[in-house]
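All values reported here derive from a predicted model rather than from experimental measurement. Naming: A, B, ... by sequence-line order, numbering from 1 per chain.
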Amino acid sequence: MGNSAGELRREGRGSAGSVWPRMDELPYSVEVTDTTAAIADRFPNLEPGAETGSVVAVAGRLMLRRVQGKLAFGTLADHTGRLQLFAPSASTPEFDAFCALNLGDWISVSGEVMTTRRGELSVRVDAWQMLAATRRSFPDKWHGITDPDTRFRQRYVDLWVTENSRAALAARSRIVSLIRRFMESRDYMEVETPIFHPIPGGALARPFVTHHNALDLDLYLRIAPELYLKRLVVGGFPRVFELGRVFRNEGLSPRHNPEFTMLECYEAYGDYEVHMALTEQLVESLAREICGTTQITYDGRELNLSAPWRRVPLAQLVSETIGREVSVHSPIDELRTLCEEHGVPIKESYGTGKLLLELYEKTTEHTLWEPIFVTDYPKEVSPLSRDHRDDPLLTERFEGIVAGRELCNGFSELCDPDEQRARFEDQAAQKAGGDDEAMAVDEDYLRALDYGLPPTVGLGIGIDRLVMLLTDTTTIRDVVLFPTLRPEVTE
RNA sequence: GCCCUCGUAGCCAAGUGGUCAAGGCAGCGGACUUUUAAUCCGAAGAUCGUGGGUUCGAAUCCCACCGGGGGCACCA
C-alpha cells in the first residue's frame with residue numbers, strides 16, 4: 001500500500017496569496033469562553049432571527065463551508081459538537097480570507113449568539129483568526145473515512161470525521177474515570193506496580209522480552225500485575241487496585257490487542273463471593289452511567305446487566321450442554337472420549353481438570369449470553385486460586401461471562417506457600433515440557449507468602465472488552481486509540 | 001503461524017480481458033446576501049498496492065511480496 005497520508009497541498013487561497021498563512025503569524029494562545037455544546041445548551045429555544053446580545057468565543061475546526069457571495073456560513077466542530085458560523089461580508093473582518101479557509105483549518109471565532117432566518121443557532125463572526133492550517137486535505141465531508149487501516153493509522157483525522165470513533169473513545173475515558181471513583185468509594189487504594197518483571201507471572205501467557213543495558217538484564221513486560229498486588233496485601237494494604245496496561249505476546253484479532261488495559265483489585269478478609277458482588281455492582285453502575293440503563297443492546301441482541309447475575313458451577317454448565325453428568329471426578333477416559341465426540345483437541349498430558357475446561361470452552365462458553373458467573377474451576381488450570389472448601393480438585397474461582405465472552409476472572413487467593421510452591425513447580429514442569437504460556441517459580445513471591453497472606457480475594461477485568469460491551473462495538477480496535485498495526489511502509 | 005478476502009487521485013467510488021480508467025467530495029479559478037453534504041460554471045489531479053508472468057491487448061487472469069479485513073489457533 002502507498003503512503004496514504006493526506007495530500008500535501010496549499011496553494012492559491014484566493015487573493016490571499018500562496019504562502020498564507022505563515023507559521024509566525026499564528027497566535028500563541030487564544031481566548032475560548034464556550035464549547036459548542038455549552039452554547040446549544042444555553043440557548044435551546046430561540047426564535048428564527050433572534051439576537052441574544054450574548055458574545056462568546058469558540059474554537060475548533062471548520063468542517064463545512066457555504067459561501068454565497070456576500071454571505072458565508074460555516075460549521076465549526078469542537079470536542080463537544082458542531083455549531084454554525086454566520087458571516088455577512090458587511091461585518092466580518094477579512095471576509096475574503098474567511099471564505100478562503102480550507103475545510104479542516106483550526107480557527108477561533110468570537111461574536112454574538114444569534115439565529116438565522118431558518119432558525120439555526122449560530123455565532124456571528126465578529127472576529128476570527130486562524131489557529132492552524134490543514135495542509136493535507138480532509139476526508140470526504142459526507143463519507144468520511146471507510147478504510148479501517150486509514151482510520152487507525154490516522155486516528156487524529158478519524159476522530160474528527162467518524163462520530164462513532166469519537167463517541168466510543170470518549171466513553172472509554174469516562175468508564176475508566178468512573179471505575180476509579182467506584183473503587184475509591186469502596187476504600188480501595190490505587191497503586192502502581194512494576195511493568196518490567198524479572199519473572200513474568202500472574203497469568204498464563206507469552207510475554208514480551210526487553211533488555212536493561214546497565215543491569216545487563218532481560219526483563220519481561222508484565223502479563224498481569226497480580227503477584228505484586230498480592231505482595232502489597234502481605235505488606236498491609238488490605239484493599240488495592242491497579243488500572244493499567246498489560247502485554248501479551250499473542251495473535252491479533254477483533255478481540256485481542258497485544259497491549260490492553262486491565263483492572264485488578266484485591267481485598268483482604270474476603271472470599272470470591274465478595275468480588276462476584278463487586279463485579280456485578282460495578283458493571284451495573286457503569287451501564288447506568290454510560291448507557292442510561294442496564295437493559296442494553298449488544299451486537300443486535302438484548303442483554304440485561306442488572307445484578308445479581310447467575311452463579312453456576314462450571315461442571316454443571318458443561319453437564320447441561322452435553323446432556324451428561326460430568327465433573328473433575330469423572331473417569332479420565334470418559335472425559336477424553338467426550339472431548340473427541342465434541343471435536344475438542346486434547347493432549348496426553350491433560351488431567352480431568354484441563355479436559356473439563358477444554359470441554360467447557362469449546363462447547364459451552366460461547367452459548368452463554370446473559371451475564372453469568374461460572375464458578376469452581378478445576379485446580380489443575382488455576383495455579384493461583386485457593387482450594388475449594390468443599391472439593392480438593394476444585395478452586396474458589398469464577399469467571400464473569402457476558403455476551404459469550406470472558407469479561408473477568410477472580411478467585412479466593414491461594415495463601416498457602418507450600419501449596420503455591422507445588423503449583424508453581426507443576427507449572428514449571430509444563431514450561432520445561434514446551435508450554436510457552438506456563439508460569440515459572442517466583443521465589444520472592446513465595447517468600448512473601450511465607451510472611452502470611454490473609455484470606456484475600458482478587459479480581460481482574462479486561463477494560464477494553466468492558467468498553468466494547470458498553471459502547472456496542474464488536475472490534476477492540478474501535479475502543480483502543482492507537483491499536484497495534486504493522487508499521488506503515490513509507491517510500 | 002494457517003485459510004479466505006480486499007487494495008482504483010488527499011477522501012468516497014464505478015469499472016471483473018478491448019478506444020485516451022466514469023462520477024462525486026476536497027483542493028484551484030470564477031458566479032452568488034439566510035445556507036444546512038448549499039448551488040452553478042471552468043480547469044486540473046491516477047506509477048489502478050509493489051514486482052514478475054500469461055495475452056495481439058491486463059485495473060480486470062496467474063504467481064510472489066507488502067498492507068488491511070474476516071476466520072482458525074491462542075488468550076482477556
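With B:C32, B:C12, B:A37 as the choices, the nucleotide that has an atom nearest any side-chain atom of A:Trp142 turns out to be B:A37. The side chain of A:Asp149 lies closest to B:G67, out of B:C12, B:G67, B:C11. Ranking B:G68, B:C12, B:A38 by closeness to the A:Ile145 side chain, first place goes to B:C12. Of the candidates B:U33, B:G68, B:C12, B:C12 carries the atom nearest the A:His143 side chain, counting heavy atoms from C-beta on. Distance from the side chain of A:Leu103 is smallest for B:A26 among the nucleotides B:A26, B:G68, B:U34. With B:A37, B:G67, B:G27 as the choices, the nucleotide that has an atom nearest any side-chain atom of A:Lys141 turns out to be B:A37. You'll find that the side chain of A:Asp140 is closest to B:C12, out of B:G67, B:C12, B:U36. The A:Arg65 side chain lies nearest to B:G27 when the options are B:G27, B:C74, B:C32.
At the heavy-atom level, A:Gly460 lies nowhere under 4.0 Å from the strands shown. At the heavy-atom level, A:Pro254 lies under 4.0 Å from the strands shown only through sugar-phosphate atoms. Among the atoms of the strands shown, base atoms are found under 4.0 Å from some heavy atom of A:Thr116. Counting any heavy atom pair closer than 4.0 Å across all strands shown, A:Gln84 reaches a base atom. Within the 4.0 angstrom heavy-atom criterion, base atoms lie near A:Val67. Across all strands, A:Gly69 comes closer than 4.0 Å to base atoms (heavy-atom distances). Within the 4.0 angstrom heavy-atom criterion, no nucleotide atom of any strand lies near A:Asp464. Within the nucleic acid shown, A:Arg248 comes within 4.0 Å of at least one base atom, counting heavy atoms only. Backbone-only engagement by A:Glu406 is indicated by non-hydrogen atom pairs under 4.0 Å involving sugar-phosphate atoms exclusively.
Inspection of the A:Tyr266 and A:Glu264 side chains reveals an N or O donor paired with an N or O acceptor under 3.5 Å.
Taking atom P on both nucleotides, B:A43 is separated from B:A37 by 28 Å, rounded to a whole Å. B:G17 sits 8 Å from B:G57 when the C1' atoms are compared, rounded to a whole Å.
Judged by Watson-Crick or G-U wobble contacts below 3.5 Å, the nucleotide B:A58 has no partner. Pairing partner, B:A64: B:U50, with both Watson-Crick or wobble hydrogen-bond distances short of 3.5 Å. Of all nucleotides present, none satisfies the Watson-Crick or G-U wobble test against B:G17 with each distance under 3.5 Å. Across all strands shown, the partner of B:C72 is B:G1, judged by Watson-Crick or G-U wobble contacts whose two distances both fall under 3.5 Å. Within the shown strands, nothing qualifies as a pairing partner of B:G45 under the Watson-Crick or G-U definition with both distances less than 3.5 Å. B:A9 is unpaired under the criterion used here, namely a Watson-Crick or G-U wobble arrangement in which both key atom distances are under 3.5 Å.
Taking only side-chain nitrogens and oxygens, A:Asn249 never comes nearer than 4.0 Å to OP1 or OP2 of B:C74. Not one side-chain nitrogen or oxygen of A:Arg66 sits closer than 4.0 Å to the OP1 or OP2 atom of B:U36. OP1 or OP2 of B:C74 has not a single side-chain nitrogen or oxygen of A:Ser253 nearer than 4.0 Å. Distances shown here put every side-chain N or O of A:Ser137 at or beyond 4.0 Å from the OP1 or OP2 atom of B:C11. Put simply, A:Arg255 has no side-chain N or O that comes within less than 4.0 Å of OP1 or OP2 on B:C74.
Proximity of a side-chain donor or acceptor of A:Asn257 to a complementary backbone N or O of A:Thr484 within less than 3.5 Å is detected.
Aromatic ring centres of A:Trp160 and A:Trp106 lie closer together than 6.0 Å. If you look at A:His197 and A:Tyr228, their ring centroids are closer than 6.0 Å. A ring-centre distance under 6.0 Å is not found for A:Phe152 and A:Phe482.
Between the side chain of A:Gln68 and the base of B:U33, no donor-acceptor pair of N or O atoms lies under 3.5 Å.
Taking the six-membered ring where the residue is Trp, A:Tyr272 and A:Phe398 present tilted rings, their angle falling between 30° and 60°.
Geometrically, A:Lys347 does not engage A:Tyr350 in a cation-pi contact defined by less than 6.0 Å to the ring centre and at most 45° from the axis.
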